[in-house]
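Excluded from the calculations below are hydrogen atoms, water molecules and symmetry mates; all remaining heavy atoms, backbone and side chain alike, are included. Just so you know, ligand 1 is whichever comes first in the structure, and atom 1 is the first atom listed for that ligand.
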Amino acid sequence: MVYVDSRTRDIASMPRGGPDASWLDRRLQTDRLEYLDRDDVDDLKRKVMDSLDRAGRRRRIGIHDKCARMVLREVADVPSPRILELGAGLGGLSSKLLERHPTAALTVTDIDPTFVAGMAASDLGSHPRVTVREMDATAIDAPDGYYDLAVFALSLHHLPPVLAAQVFDAATRAAKKLLIVDLPRPPAPLHVMLLAVVLPLTKVSPLQHDGFISSLRAYSPSALRALANHADPAITVEFRTGRGLGPTVAVASRAR
Ligand SMILES: C[S@@+](CC[C@H](N)C(=O)[O-])C[C@H]1O[C@@H](n2cnc3c(N)ncnc32)[C@H](O)[C@@H]1O
């Protein structure tokens, strides 16, 4: 029999809206997998990732550029920062970082070997300031504090709470700061309305299919705090999120 302690049980069953989630918010979640999480739908998975990457690379309004600016703000006081990108997908964010910073050294990683092979074969793979490699964000093999910053963009919601807490643990050990950028979790009544608008599109658009599930799996700020606290009470989380329905932006670091 496998023994599971009560702290692990508590975090495993924590609602995506956090320990204090309302009755309605607790119903707005799912264990259903996105195409991106599945190994039996390669074609759909590729379509979702290509659409995400195309949208991300749009000039100025693309999320990759926005994330790159957030990353660089966090390491503004480090002349030649060492940056680890986790869950990099096709590498759009790291490409923007290279454009925007003349000396940053990047380790660009993903758990999916196909995405890693794609990035290795792209311009990123041959760039002198870049290392591309496979890496699980829950198990980072780097010395303590090796990186100035680790970034996990649009990815944390893919992981269930126990694994998401492991990301906080691993990344705040290997890096001085962990920047999480992810989908927002809207207030529950608004969330219902937004989901109702997107639902009909999920049948025709693989991207909307995954977006719908992502929205149900997005962690609230209180959930992120609980995940970090479960990983180690010495981890603090600050939010950089502005007003409205922009992404959730959190910076975690561990007192050393
Ligand atoms: C929605 S995509 C985001 C990709 C990229 N960050 C972007 O913004 O375009 C989520 C990514 O997280 C990766 N991923 C999922 N679980 C992971 C894990 N445990 N460790 C590292 N990457 C993971 C997936 O392979 C996928 O590339």
Side-chain angles (χ1 to χ4, degrees), residues 31-42 44-58 61-71 83-98 106-120 122 124 131-142 147 149-175 178-184 205-219 227 231 246-250:
D31 290 330
R32 201 171 164 145
L33 295 179
E34 298 177 41
Y35 293 139
L36 270 183
D37 298 317
R38 291 169 49 180
D39 292 328
D40 58 333
V41 286
D42 283 357
L44 290 165
K45 189 169 176 170
R46 187 75 213 184
K47 275 189 183 141
V48 173
M49 190 49 102
D50 285 344
S51 310
L52 260 182
D53 195 60
R54 256 196 318 276
R57 283 180 199 262
R58 268 186 221 131
I61 56 162
I63 185 77
H64 295 327
D65 203 49
K66 288 200 180 98
C67 283
R69 278 184 271 138
M70 293 175 205
V71 167
I83 298 171
L84 169 65
E85 185 179 2
L86 301 160
L90 303 185
L93 164 57
S94 282
S95 300
K96 291 286 179 193
L97 285 171
L98 285 175
L106 309 183
T107 303
V108 189
T109 70
D110 199 280
I111 198 171
D112 187 313
T114 311
F115 296 153
V116 174
M119 292 191 287
S122 74
L124 272 180
T131 305
V132 175
R133 49 170 298 209
E134 208 174 305
M135 191 183 279
D136 182 341
T138 67
I140 300 170
D141 55 343
Y147 293 102
L149 181 115
V151 54
F152 202 29
L154 305 183
S155 302
L156 192 73
H157 66 271
H158 286 273
L159 280 66
V162 170
L163 295 181
Q166 285 174 21
V167 174
F168 277 93
D169 185 33
T172 59
R173 183 195 58 72
L178 164 65
L179 173 66
I180 302 270
V181 183
D182 211 346
L183 298 181
S205 159
L207 183 63
Q208 297 297 346
H209 169 275
D210 275 19
F212 187 87
I213 295 175
S214 299
S215 185
L216 290 168
R217 299 182 78 184
Y219 289 107
L227 292 170
T248 295
V249 183

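Of all atoms in ligand 1, numbered sequentially from 1 with element shown, those under 4.0 Å from a heavy atom of H64 are 7 (C), 8 (O), 9 (O). Close approach of ligand 1 to M49 is summarised as follows: ligand atoms under 4.0 Å from at least one heavy atom of the residue are 2 (S), 4 (C), 26 (C), 27 (O). Residue-ligand proximity, F115 to ligand 1, at heavy-atom distances under 4.0 Å covers atoms 25 (O), 27 (O). Annotation for ligand 1: atoms under 4.0 Å from non-hydrogen atoms of A88 are 5 (C). Close approach of ligand 1 to D136 is summarised as follows: ligand atoms under 4.0 Å from at least one heavy atom of the residue are 18 (C), 19 (N), 20 (N). When each atom of ligand 1 is checked for a heavy atom of D112 under 4.0 Å away, the hits are 25 (O). Listed by atom number, the atoms of ligand 1 under 4.0 Å from M135 heavy atoms are 20 (N), 21 (C). Within ligand 1, counting atoms from 1 as listed, the ones closer than 4.0 Å to a heavy atom of H158 are 1 (C), 10 (C).
A salt bridge is absent between R54 and D50: the closest approach of a Lys/Arg side-chain nitrogen to an acidic carboxylate oxygen does not fall below 4.0 angstrom. A salt bridge between D39 and K45 is present, with a side-chain N of the basic residue lying under 4.0 Å from a carboxylate O of the acidic one.
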Trace of the salt bridge (charged side-chain N to carboxylate O under 4.0 Å, His left out) decision for D42 with R46
CA-CA 6 Å; D42 283 357; R46 187 75 213 184; over 6 Å; no

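Here the straight-line distance linking atom CZ of R57 with atom CG of L93 works out to 10.0 Å at 0.5 Å rounding.
Closest non-hydrogen pair, V48 versus P206, comes out as CG2-O, 3.6 Å.
When hydrogens are left out, the protein atom nearest atom 22 (N) of ligand 1 is G87 CA, 3.4 Å; that is the closest non-hydrogen contact.
Looking at F152 next to ligand 1, no N or O pair under 3.5 Å apart turns up. For ligand 1, the polar-atom distance check against L159 finds no nitrogen or oxygen pair separated by under 3.5 Å.
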